[in-house]
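Following: one structure in structure tokens, then a few remarks.
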Amino acid sequence: MARTQMNTLNDLEAREWVKSTKSWFIVNPRSRTTEQMDHPAKYPEELVQRFISFFTKRGSWVLDPFAGVGSTLIACKELSRNAVGIELHGEFVESGLKMLLETKGSGEQHFLMGDARESMSIMAEQFGESSPAFDYLITSPPYWDMLRKSRGGNDSAQRARGRRGLKQYYSDSEKDLGNITSYYEYIEALGSLFSGLRPLLRNKAYLTIVVQNMRNVDGLLKPIAWDLARRVSDDYDLRQEMIWCQDNKKLGCWGYPTTYVSNVHHHYCLIFQKPA
Ligand SMILES: C[S@@+](CC[C@H](N)C(=O)[O-])C[C@H]1O[C@@H](n2cnc3c(N)ncnc32)[C@H](O)[C@@H]1O
């Protein structure tokens, strides 16, 4: 009798496994609640759930070093995974904790405030010698200083937030990676941060970094996703890129009728693996 091989990666059936490996997918973020609106760039829980279901099993440990308002932690609770999220800004942690409390599910989720570059000491302070070994990391860092730059004239979503009195960027803190002035310093800061997280991850653990190439208002592209993929490959094996498409964003009429300026409605989900 043929022996069926055990699924050591996730809890999915074969059919769901195969469906999840398509290299692009559409997730349209739902309209946000008041607490979620506090944050200028959260990712949808459905997006994180998709990856967590593929790269972990029930009871696994997940790390998000740029936790924002806790979408990863909320998805983990709903899917009975344990998680640690680190976020620089106390107000995002506060809103996130409130939403986490209202979420149904199970597992341990720890929402910690601090600079992700100090993750090792933050973890030691929280867990002492019994720090969990993470099975998976999923995160979305600041897309450099994208939120500080107007990219769409009067009509941009960020400007609309401004008109409603909502935060248009994360903070003025110099620890905020979105406030680094030089592009190459920003890529290096992120690269060395992910490098420093290696000891917290199990061998062969997967990582997913959600990021976007950045189009300036003049239409020029800063290829954050590609430069980051290159830099993070110094420490982890790059396994794949997946394209997350948003199909419900308003089209902006940016360059018409003289210049090509694109509407960017996709993000890269870069998949790495820690070598054994
Ligand atoms: C793209 S957002 C993440 C949003 C998150 N995925 C969510 O859905 O809520 C990036 C986050 O990184 C945070 N951040 C910036 N610099 C940081 C640092 N040095 N350490 C930890 N968090 C930082 C920002 O405050 C922001 O909330």
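Atom set for the values below is all heavy atoms of this structure, side chains included, hydrogens, waters and symmetry mates excluded. Start at 1 with the first residue, then count along the sequence.
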Checking Ser23 against Ile243 for the side chain to side chain contact (heavy atoms under 4.5 Å, CB included) test, could you report, in this order, the C-alpha distance in whole Å, the side-chain angles of both residues, the deciding distance, and whether it holds?
CA-CA 6 Å; Ser23 64; Ile243 317 285; 5.9 Å; no
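- If you take CD1 on Ile187 and NZ on Lys222, they are separated by 9.5 Å, rounding to the nearest 0.5 Å.
- Distance check, rounded to the nearest 0.5 Å: OG of Ser182 to CH2 of Trp144 gives 7.0 Å.
- Taking Met123 as the reference, Val84, Phe127, Ser131, Pro132, Phe134, Leu200 meet the side-chain contact (heavy atoms from CB on, under 4.5 Å) condition, with sequence neighbours excluded.
- In this structure, Glu125 contributes its side chain and Ile122 its backbone to no donor-acceptor pair below 3.5 Å.
- Using a cutoff of 4.0 Å between basic side-chain nitrogens and carboxylate oxygens, Asp135 and Arg202 are scored as salt-bridged.
- By the 4.5 Å heavy-atom criterion applied to side chains, Val232 and Ile209 are counted as neighbours.
- Rounding to the nearest 0.5 angstrom, the gap separating the CG atom in Leu79 from the OG1 atom in Thr56 is 7.0 Å.
- Using modelled atom types, one finds no donor on one side chain facing an acceptor on the other under 3.5 Å when comparing Arg81 with Ser60.
- Side-chain N or O atoms of Ser95 include one that pairs as donor or acceptor with a backbone N or O of Glu91 at under 3.5 Å.
- One distance of note links OH of Tyr260 with CH2 of Trp254; it measures 13.5 Å at 0.5 Å rounding.
- To the nearest 0.5 Å, atoms CG (Asn28) and CG (Leu47) are separated by 11.5 Å.
- Using a 4.5 Å heavy-atom threshold, the side chains of His89 and Asp176 count as touching.
- Counting heavy atoms from C-beta outward, Trp24 and Met242 have side chains that stay 4.5 Å or more apart.
- The closest side-chain heavy-atom distance from Gln212 to Val264 is below 4.5 Å.
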Should Leu190 and Leu228 be marked as a side chain to side chain contact (heavy atoms under 4.5 Å, CB included) after you check the CA-CA gap, both sets of side-chain angles, and the distance that decides it?
CA-CA 8 Å; Leu190 269 182; Leu228 195 61; 3.7 Å; yes
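- Considering only heavy atoms from C-beta on, Leu100 comes within 4.5 Å of Lys77 through its side chain.
- Judged purely by atom type and a 3.5 angstrom limit, Asn7 uses its side chain to pair as donor or acceptor with the backbone of Leu12.
- Two residues are said to be in side-chain contact when any heavy atoms from C-beta on lie closer than 4.5 Å; Glu185 and Thr181 fail this criterion.
- For the residue pair Ala116 and Pro65, the shortest heavy atom distance occurs at CB-O, 3.3 Å.
- Nearest heavy-atom pair across Pro44 and Lys42 is CA-NZ, 4.0 Å.
- In the hydrophobic clustering of ILVMFWY residues, with side-chain heavy atoms under 4.5 Å counting as a link, Tyr186 and Tyr184 come out together.
- The heavy-atom pair separating Gly85 from Leu73 by the smallest distance is N-CD2, 3.5 Å.
- Considering every non-hydrogen atom in both Ser173 and Asn179, the closest pair reads O-ND2, 2.8 Å.
- At distances below 3.5 Å, not a single donor-acceptor pair connects side-chain atoms of Ser20 with backbone N or O atoms of Phe54.
- Using a 4.0 Å cut-off between charged nitrogen and carboxylate oxygen, Glu188 and Arg231 count as a salt-bridge pair.
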Show your reasoning for whether side chain to side chain contact (heavy atoms under 4.5 Å, CB included) applies to Ile74 and Gln109.
CA-CA 8 Å; Ile74 289 168; Gln109 292 82 29; over 6 Å; no
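- Here the closest heavy-atom approach between residue Ile180 and residue Ala189 is recorded as CD1-CB, 3.7 Å.
- In this structure a side-chain-to-backbone donor-acceptor pair under 3.5 Å is present from Thr103 to Met99.
- Tyr236 and Ser195 share no side-chain donor-acceptor pair at under 3.5 Å.
- The heavy-atom pair separating Pro199 from Met120 by the smallest distance is CB-CE, 3.9 Å.
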May I have the step-by-step check of side chain to side chain contact (heavy atoms under 4.5 Å, CB included) for Phe194 and Asp235, ending in yes or no?
CA-CA 8 Å; Phe194 287 113; Asp235 296 282; over 6 Å; no
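- Thr139 places a side-chain N or O within donor-acceptor distance of the main-chain N or O of Phe66, the cut-off being under 3.5 Å.
- Judged by distance alone, with hydrogens and angles left aside, the side-chain atoms of Ser140 form no donor-acceptor pair with the main-chain N or O of Val211 at under 3.5 Å.
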Would you check, one step at a time, whether the test side-chain hydrogen bond (donor to acceptor under 3.5 Å, both in side chains) holds for Asp227 with Tyr183?
CA-CA 10 Å; Asp227 288 332; Tyr183 175 68; 2.7 Å; yes
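- Taking CG of Leu207 as the start and CG of Leu197 as the end, the distance is 8.0 Å to the nearest 0.5 Å.
- Hydrophobic clustering, with ILVMFWY side chains joined whenever heavy atoms are under 4.5 angstrom apart, keeps Leu88 apart from Met113.
- Side chain to side chain, Glu108 and His110 meet the donor-acceptor criterion of an N or O pair below 3.5 Å.
- With Arg215 contributing its side chain and Ser262 its backbone, the two residues share a donor-acceptor pair below 3.5 Å.
- Side-chain contact between Tyr43 and Thr72 is present, with at least one heavy-atom pair separated by less than 4.5 Å.
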Side chains of residues 266-276: which donor-acceptor pairs under 3.5 Å do they make with residues two or more places apart or in other chains?
{"residue": "His267", "atom": "ND1", "partner": "Tyr143", "partner atom": "OH", "Å": "3.0"}
{"residue": "His267", "atom": "NE2", "partner": "Gln246", "partner atom": "OE1", "Å": "3.1"}
{"residue": "Gln273", "atom": "OE1", "partner": "Arg239", "partner atom": "NH1", "Å": "2.6"}
{"residue": "Gln273", "atom": "NE2", "partner": "Lys204", "partner atom": "O", "Å": "2.9"}
{"residue": "Gln273", "atom": "NE2", "partner": "Tyr206", "partner atom": "OH", "Å": "3.4"}
{"residue": "Lys274", "atom": "NZ", "partner": "Arg198", "partner atom": "O", "Å": "2.8"}
{"residue": "Lys274", "atom": "NZ", "partner": "Leu201", "partner atom": "O", "Å": "2.7"}

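- For Asp11 and Lys57, the salt-bridge test passes: some basic side-chain N is under 4.0 Å from an acidic carboxylate O.
- Formation of a donor-acceptor pair under 3.5 Å by the Asn213 side chain with backbone atoms of Ala225 is found in this model.
- A donor-acceptor pair is defined here as one N or O able to donate and one able to accept, closer than 3.5 Å; no such pair exists between the side chain of Glu241 and the backbone of Leu238.
- Looking at Asn248 and Pro29, their side chains come closer than 4.5 Å, going by heavy atoms from C-beta outward.
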